[in-house]
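In what follows, every heavy atom counts, from backbone to side chain, and hydrogens, waters and symmetry copies are set aside. Residue numbers count from 1 along this sequence. Worth saying up front: this structure is predicted, and the values here are computed from it rather than measured.
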Amino acid sequence: MNEQTIFFKNPVFVMDTATIVGPMETDGPIGKYFDKHVDDDILGQKSHELAESAFHIYTIKFLMNKAKINAEEIDLCVSGDLTDEIYGTNFAMRDLKIPFLGMYNACATFGSALITASTYVDGGYARRVICSTSSHFASAERQYRFPLEYGGQRTPLSQWTVTGCGATLLNNKFGKVRIDCATIGKVVDYGVTDANDMGAAMAPSARDTLVKHFRGTGRRADYYDLVLTGDLGEGGSRILKALMKEEGYPLGDNYSDCGILIYNRMAQKVEQGGSGAGCSSVVFNGFVYKKMMSGELKRVLLVPTGALISKTSTLQGQPIPGIAHAISFTTEG
């Protein structure tokens, strides 16, 4: 490991991906890139938490159908969500009956899942591993802010939690897209205490991880066709650009953020953009993966970001630490 970066010695290929999203995500600017769309975000369930679990089940089953494999051929699922003790994922895995490692790194969970799964594949401990993360607007609002019935006014700095689930199937045999290296992030606390301003809380951790990645690999932002953070939103992305310029690693026109891409901010009234454990997952597994498969993108650095808060920590006035991980995807070599 060099500057927190793992270089995978053996092939870690993306075999296929799958995404299912809700109505808001369907209506966004990249809605056509998602595999499945639902009109009713509760999916006939008794609660939004159970609906999120259903999203997870449907996405993994759809992925296995696309890849023409069954549950017995999957060695491991590395998965998570935002709800209490990853409630939605645990209930999904109860029904899927696949070996399971639960993962929680807030909205950076997709990044930690990809790195963990890639290590298993690279080390020869697993042949096929599914990485999946989900989030749901209604369940996240109830847990971290206010139930929707409360009718609270959203602040200008707030973000809209993505309703959806994305899943990636990694294997050691074939695929056009592969993971060549990944940088494990550290927890960075910038002292932000506003639970609505998660972009500002996460931007310093994204800066730390990106700097470590560039130092560890000898690369710069222009090495990649796309550098994509997870869910900093519009405000957090501006902060990150300023921080990276100070560090001597400026981000150019090839930089964007999943939270910016997924919604039309003004038309859909989502304030700073999208967020949630499902945000980077559905954007990568839908939009980015399809762009890589078509040859429009060859090198992508995905940096899922997470605000490490709980409903207890915010009530106790604790600041919001952030974390970010970086995963390098390529179609070359």
Side-chain angles (χ1 to χ4, degrees), residues 13-28 30-45 48-83 86-103 109-110 113-114 117 126-137 139 162-171 173-177 258 262 276-294:
F13 294 112
V14 178
M15 186 173 176
D16 214 332
T17 68
T19 51
I20 298 179
V21 298
M24 284 282 289
E25 296 71 26
T26 299
D27 292 340
I30 59 172
K32 67 180 181 180
Y33 291 96
F34 303 127
D35 294 316
K36 295 287 185 181
H37 309 86
V38 298
D39 297 326
D40 175 13
D41 64 8
I42 202 164
L43 297 177
Q45 303 296 316
H48 290 106
E49 288 78 10
L50 289 173
E52 184 172 347
S53 185
F55 267 96
H56 227 120
I57 294 169
Y58 297 160
T59 305
I60 291 176
K61 285 185 175 180
F62 182 65
L63 176 57
M64 290 191 293
N65 287 336
K66 284 180 71 178
K68 295 181 172 57
I69 56 177
N70 56 44
E72 288 71 28
E73 297 174 278
I74 303 297
D75 295 318
L76 179 65
C77 277
V78 186
S79 310
D81 62 82
L82 297 178
T83 313
I86 60 171
Y87 165 11
T89 306
N90 291 337
F91 277 54
M93 295 304 161
R94 174 191 63 182
D95 293 348
L96 290 166
K97 302 187 186 307
I98 299 171
F100 166 53
L101 284 177
M103 190 69 55
T109 299
F110 184 54
L114 285 169
R127 297 165 301 161
R128 301 183 190 91
V129 183
I130 288 177
C131 307
S132 60
T133 58
S134 64
S135 52
H136 196 294
F137 174 74
S139 59
V162 166
T163 297
C165 181
T168 312
L169 176 57
L170 301 180
N171 80 116
K173 294 296 184 183
F174 62 89
K176 183 175 180 177
V177 178
C258 297
I262 196 165
C279 186
S280 59
S281 183
V282 299
V283 173
F284 172 78
N285 289 303
F287 174 73
V288 175
Y289 181 69
K290 288 179 172 63
K291 291 286 187 180
M292 295 192 79
M293 291 298 289
S294 70

Student: Roughly how far, to the nearest 0.5 Å, is the OG1 atom of T26 from the NZ atom of K36?
Tutor: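 Here the rounded value is 12.0 Å.
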Student: For a quick check under 3.5 Å, do E49 and T83 share a side-chain donor-acceptor pair by atom type?
Tutor: no
Student: Might you point out which heavy atoms bring G164 and V282 nearest each other, and give the distance in Å?
Tutor: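 The pair with the smallest heavy-atom distance is C-CG1, 4.1 Å.
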Student: Rounded at 0.5 Å granularity, tell me how far NZ in K68 sits from CD in E73.
Tutor: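 Output value for this atom pair is 12.5 Å.
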Student: Would one find more than 12 heavy atoms of other residues, nucleotides or ligands at under 6.0 Å from atom NZ of K32?
Tutor: no
Student: About how many Å separate CD1 of I74 and CE of M64, when rounded to the nearest 0.5 Å?
Tutor: 6.5 Å
Student: Do V14 and L170 come within less than 4.5 Å of each other through their side chains, counting heavy atoms only?
Tutor: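 Yes. Closest side-chain heavy atoms under 4.5 Å.
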Student: Of the options V78, I130, L76, N90, which is the one that meets F100 in a side-chain contact (heavy atoms from CB on, under 4.5 Å)?
Tutor: N90
Student: Looking at K290, I'd like to know if its NZ atom is crowded, meaning that more than 12 non-hydrogen atoms belonging to other residues, nucleotides or ligands lie closer than 6.0 Å.
Tutor: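 Yes, enclosed.
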Student: Which heavy atom of L63 sits nearest to which heavy atom of A18, and what is that distance?
Tutor: CB-CB, 3.7 Å
Student: Among residues at least two apart in sequence or on other chains, which ones pass salt bridge (Lys or Arg N to Asp or Glu O under 4.0 Å) with R94?
Tutor: none
Student: Look only at the side chain of N285 and the backbone of T19, and say whether a donor-acceptor pair between them is shorter than 3.5 Å.
Tutor: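 Looks like no, no N/O pair under 3.5 Å.
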Student: How close do L82 and S135 get, heavy atom to heavy atom, and via which atoms?
Tutor: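 Heavy atoms of L82 and S135 come nearest at CD1-CB, 4.1 Å.
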Student: Can you measure from CG (D27) to CD1 (I262) and round to the nearest 0.5 angstrom?
Tutor: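 Reported value, rounded in 0.5 Å steps: 11.5 Å.
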Student: Between N171 (side chain) and R127 (backbone), is there a donor-acceptor pair under 3.5 Å?
Tutor: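 Looks like no, no N/O pair under 3.5 Å.
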Student: CG of L101 to OG1 of T89: how many Å apart, nearest 0.5 Å?
Tutor: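 Nearest 0.5 Å value for the CG-OG1 distance: 12.5 Å.
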Student: Just to verify, what does A51 make a side-chain contact (heavy atoms from CB on, under 4.5 Å) with, not counting sequence neighbours?
Tutor: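 Residues passing side-chain contact (heavy atoms from CB on, under 4.5 Å) with A51: I42, Q45, H136.
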Student: Mind checking what makes side-chain hydrogen bond (donor to acceptor under 3.5 Å, both in side chains) contact with T133, not counting sequence neighbours?
Tutor: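 Per chain and number, T133 pairs via side-chain hydrogen bond (donor to acceptor under 3.5 Å, both in side chains) with S281.
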Student: Nearest 0.5 Å please: distance from the NZ atom of K291 over to the CZ atom of F284.
Tutor: 14.5 Å
Student: Measuring only between side-chain heavy atoms, which start at C-beta, is P23 closer than 4.5 Å to D41?
Tutor: yes
Student: What is the minimum heavy-atom distance between G80 and T109, and which atoms define it?
Tutor: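 Scanning both residues, the minimum pair turns out to be CA-CG2, 4.1 Å.
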Student: Let's go through F91 and D95 carefully: what are the C-alpha distance in whole Å and the side-chain angles of both, what is the deciding distance for side chain to side chain contact (heavy atoms under 4.5 Å, CB included) to 0.1 Å, and is it a yes or a no?
Tutor: CA-CA 7 Å; F91 277 54; D95 293 348; over 6 Å; no
Student: Closer than 3.5 angstrom, by distance alone: can the side chain of T163 be matched with the main-chain N or O of F137 as a donor-acceptor pair?
Tutor: yes
Student: Does atom CG (D39) have a neighbourhood of more than 12 heavy atoms from anything else shown, all under 6.0 Å?
Tutor: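 Check fails, neighbour count at 12 or below.
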Student: Y33: which residues meet the ring pair (Phe, Tyr, Trp, His ring centres under 6.0 Å) condition with it, sequence neighbours left out?
Tutor: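 Applying ring pair (Phe, Tyr, Trp, His ring centres under 6.0 Å) to Y33 gives F287.
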Student: I'd like to check the salt bridge (Lys or Arg N to Asp or Glu O under 4.0 Å) partners of K66; sequence neighbours left out, ordered by chain and number.
Tutor: D16, D35
Student: Give the minimum heavy-atom separation between S280 and F110, together with the two atoms involved.
Tutor: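 In this case the closest contact between S280 and F110 is OG-CB, 3.8 Å.
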Student: Return all side-chain donor-acceptor pairs below 3.5 angstrom for residues 53-61, not counting sequence neighbours, or 'none' if the list is empty.
Tutor:
{"from": "S53", "atom 1": "OG", "to": "G88", "atom 2": "O", "distance (Å)": "3.0"}
{"from": "S53", "atom 1": "OG", "to": "A92", "atom 2": "N", "distance (Å)": "3.2"}
{"from": "H56", "atom 1": "ND1", "to": "S134", "atom 2": "OG", "distance (Å)": "3.1"}
{"from": "H56", "atom 1": "NE2", "to": "S132", "atom 2": "OG", "distance (Å)": "2.8"}
{"from": "T59", "atom 1": "OG1", "to": "F55", "atom 2": "O", "distance (Å)": "2.7"}

Student: Where is the tightest heavy-atom contact between C77 and M93, given as atom of each residue plus distance?
Tutor: CB-CE, 3.8 Å
